[in-house]
Number of protein chains: 2
Amino acid sequence: MDIREIAKRAKVSTATVSRAINRVPTVDPQLAKRVWKVVDELGYYPNTQARALVSGKSRIFGLVVSEITNPFFPEIVHTFEELAVQGGYEILLVSTVHDSKRMRTSVRRMIEQRVDGVAVLTFGMEELLVDDLHLRKVPLVFVDVGRDVPHVSNIRIDYQHGIRQAVQHVAALRHTRIAFVSGPLRLPSALARKRAFEDSMAEIGLNVDSELLVEQDHTMEGGMRALRQLIALPICPTAVLCSNDMTAIGVMREAYDQGISVPQELSVVGFDNIRLAEFMIPPLTTVDMSQTELARIAFKALVSDISRETPAEHGTEYQLNTNLVLRRSTALAQSGPPRHKSTKP
Amino acid sequence: MDIREIAKRAKVSTATVSRAINRVPTVDPQLAKRVWKVVDELGYYPNTQARALVSGKSRIFGLVVSEITNPFFPEIVHTFEELAVQGGYEILLVSTVHDSKRMRTSVRRMIEQRVDGVAVLTFGMEELLVDDLHLRKVPLVFVDVGRDVPHVSNIRIDYQHGIRQAVQHVAALRHTRIAFVSGPLRLPSALARKRAFEDSMAEIGLNVDSELLVEQDHTMEGGMRALRQLIALPICPTAVLCSNDMTAIGVMREAYDQGISVPQELSVVGFDNIRLAEFMIPPLTTVDMSQTELARIAFKALVSDISRETPAEHGTEYQLNTNLVLRRSTALAQSGPPRHKSTKP
DNA sequence: TAACCGTGAGCAAACGATTTCCCATTTTGG
DNA sequence: CCAAAATGGGAAATCGTTTGCTCACGGTTA
């Protein structure tokens, strides 16, 4: 059933039907009513493809996230979708972008679908895409893309702020042997977090032993591996900061397996502040990086790029802060000499 | 840039370009090569809208889930998406379907987008949609839709199987006062789980006190509330089964706050077996309802519906089983009289 | 009364592909 | 060597909308 059918039954032209449906004010209310009646009776709804074809706008946004399986991202998807439906947009989702090739094809496919904009909230794969994408004049928003790419908006995240707070918090609790479990260092965001840690430590005159810097993969299993590695050290750390909450959960889980109590014997700090953090046992002290805020910014960026008909020469820069939130996974370092493998009873 | 541009530059007709791109075998390899050369040089890619308009297929699947924020669903999305990209499909995601109105419009919009099929994996809102949707002849797959709807595939879940195992497991550990925290009972799936619990209890001759049946909302907060309610009882339960893992996590968290140790003083069993369950402290014993399997079935159902040109009179029925997986959140009931509020020292 | 306007509806041309014919070559067989 | 069949490419119709342009109609103004 198409617009012609409606036109025929309402005894008007297809043009009038189109105008009536789109609520163009110049159409006579009488006629409009007649059209709507037929539309309702037949349950007609316009073909979006045809619409998009002529208008050039699909009212679809692409949303690319790293790994929907990490609870950090669903929260983003949630907010983004909320805004999308409010704005009358659909969202085309791509997740699971392990490798850059897969990612490229995914995004390429989005562009083939003529999405009106793409938000790439992936923390790391951005660089590879930028070139591909900004040629097509689709509005784009990235997170923490290093270089300054024309026509692309960028959400810059201030990792330093929250991580410094975390370090100082832990230091204030008298910890001196503080470990950091990073994500894969090829990811810019993981690297930035580790740097922020090192800088913050340096700032307060604590040196970070290289053996206390362990690289993992931002998963719970990674966190478990990390702790196993750390407790094998001659002198164990008494606190461990993690590059994300999943890692921290893994660390706590391994601590449980090893009979190390958190926070009495080991303080743990996460990063991200996923909703789950609050429900861990013990509730996880972590650095908040607001997922709703991030999604909100990304969405707004896209919308404002679209409304601006002449694309801005330099994409807008947005800013997102991070902040420590205290819960119960950190405590005063145990007095006396740090727990030492070989001196342990 | 469109197909005409390519045709002009390759000095062939648009028809030939189309054929070359779609790898129609009858086109002369020479010409095809010439076309592809131009295509690559110009970075041309066909307009999906136009394609869809003429072919009537969009190569997009709609995926509707209850609440992306519940870790159960991302896992489904993940698998579904995996299969989708393999099959050359995009996915249009709708989550956050609290109210049926919102859901209807969402799905309506999907249909307007001319998706090739919709998987509604939402555990409860199905009924409302069925009528709207199955008129349009879009392939559909639901979970546990009660009545037998023509042209609609249905994944039926055997809650009873896993829940009976859970009940028997807990009973074997000498628990007799066993509580059940259900989801919102207006959701068919929540109701079915509760029924399965009651039946399983009856089967082994344990009576379930109505005060041990608490209705909650499938969230972690709900779990916390539930436990608070249960420990206020004159005689506390020594084991609590939950309608989903999020609830169980909440229960364990509240137990932690109340200083009740799991599993020594309280056994907890979840339902769903989200990935996180294994990483809880203690690791959560739960009933597995494979998310990957569910997604896989849904996807296959859609694909097979599509390939079958004449829609089957009665949609296919699929089956998904549930199974207890033992971890460490359950233990022998403490001997002696059950912990009693007023007799507690 | 004639010229003029403003209003609102219809005609037809896009939008960018696919696909159905149909025609011009070759190839094949007698 | 010629007719018939096979082959491959092109012209044009089509998918379902939107929209610029034209035109008819009725009312206002000189």
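Just so we're on the same page: letters track the sequence lines, and every chain starts at 1.
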Candidate pair B:Glu90 and B:Arg59, rule salt bridge (Lys or Arg N to Asp or Glu O under 4.0 Å), full reasoning: CA-CA 6 Å; B:Glu90 305 294 323; B:Arg59 296 209 73 84; over 6 Å; no
Atom NZ of A:Lys11 to atom P of C:dA9: distance rounded to whole Å? 17 Å
Compute whether any side-chain donor of one residue and acceptor of the other, for B:Ser304 and B:Ser307, lie under 3.5 angstrom apart. no
Contact class for B:Val17 (heavy atom, under 4.0 Å): base, sugar-phosphate, or nothing? nothing
Does any donor-acceptor pair link the side chain of A:Arg19 with the base of C:dG10 at a separation under 3.5 Å? yes
First of A:Ala15 and A:Thr26 reached from the 5' end of DNA chain C, by closest nucleotide: A:Thr26
Rounded to the Å, how far apart are B:Ile6 CD1 and C:dT18 C1'? 16 Å
Would you call the rings of A:Phe299 and A:Phe80 parallel, tilted or perpendicular, where under 30° means parallel and over 60° means perpendicular? perpendicular
Would you state whether a donor and an acceptor, one from the side chain of B:Arg34 and one from the base of D:dG9, lie under 3.5 Å apart? no
Name of the residue among B:Val138, B:Leu93, B:Val64 meeting side chain to side chain contact (heavy atoms under 4.5 Å, CB included) with B:Met110: B:Val64
Looking across every strand, which nucleic acid part, if any, lies under 4.0 Å from A:Ser18 by heavy atom: base, sugar-phosphate, or nothing? base
Rounded interatomic separation in angstrom, taking CG from A:Leu31 and C1' from C:dG10: 11 Å
If you count heavy atoms of other groups shown closer than 6.0 angstrom to CD of B:Gln30, is the number above 12? no
With a cut-off of less than 4.0 Å, is there a side-chain N or O of A:Ser55 near OP1 or OP2 of D:dT18? no
Starting at CZ of B:Arg51 and ending at C1' of C:dC15, how long is that distance when rounded to a whole Å? 16 Å
Contact under 4.0 Å: A:Asn22 side-chain N or O vs D:dT18 OP1/OP2: yes
How many Å lie between CG on A:Asp28 and P on D:dG26, as a whole number? 13 Å
Between P on D:dC15 and CD on A:Gln49, what's the gap in Å once rounded to a whole number? 15 Å
Within this structure, what is the CZ-to-P distance between A:Arg4 and C:dC11, rounded to whole angstrom? 13 Å
Which nucleotide, D:dG10, C:dC15, D:dT17, lies nearest any side-chain atom of B:Val12? D:dG10
Length of the CD-C1' vector between B:Glu5 and C:dC15, whole Å: 16 Å
Where each residue is assigned the nucleotide of DNA chain D containing its nearest heavy atom, which of B:Ala50 and B:Val27 is assigned the position nearer the 5′ end? B:Val27
Would you say B:Tyr44 places a side-chain N or O within less than 4.0 Å of OP1 or OP2 belonging to C:dA17? yes
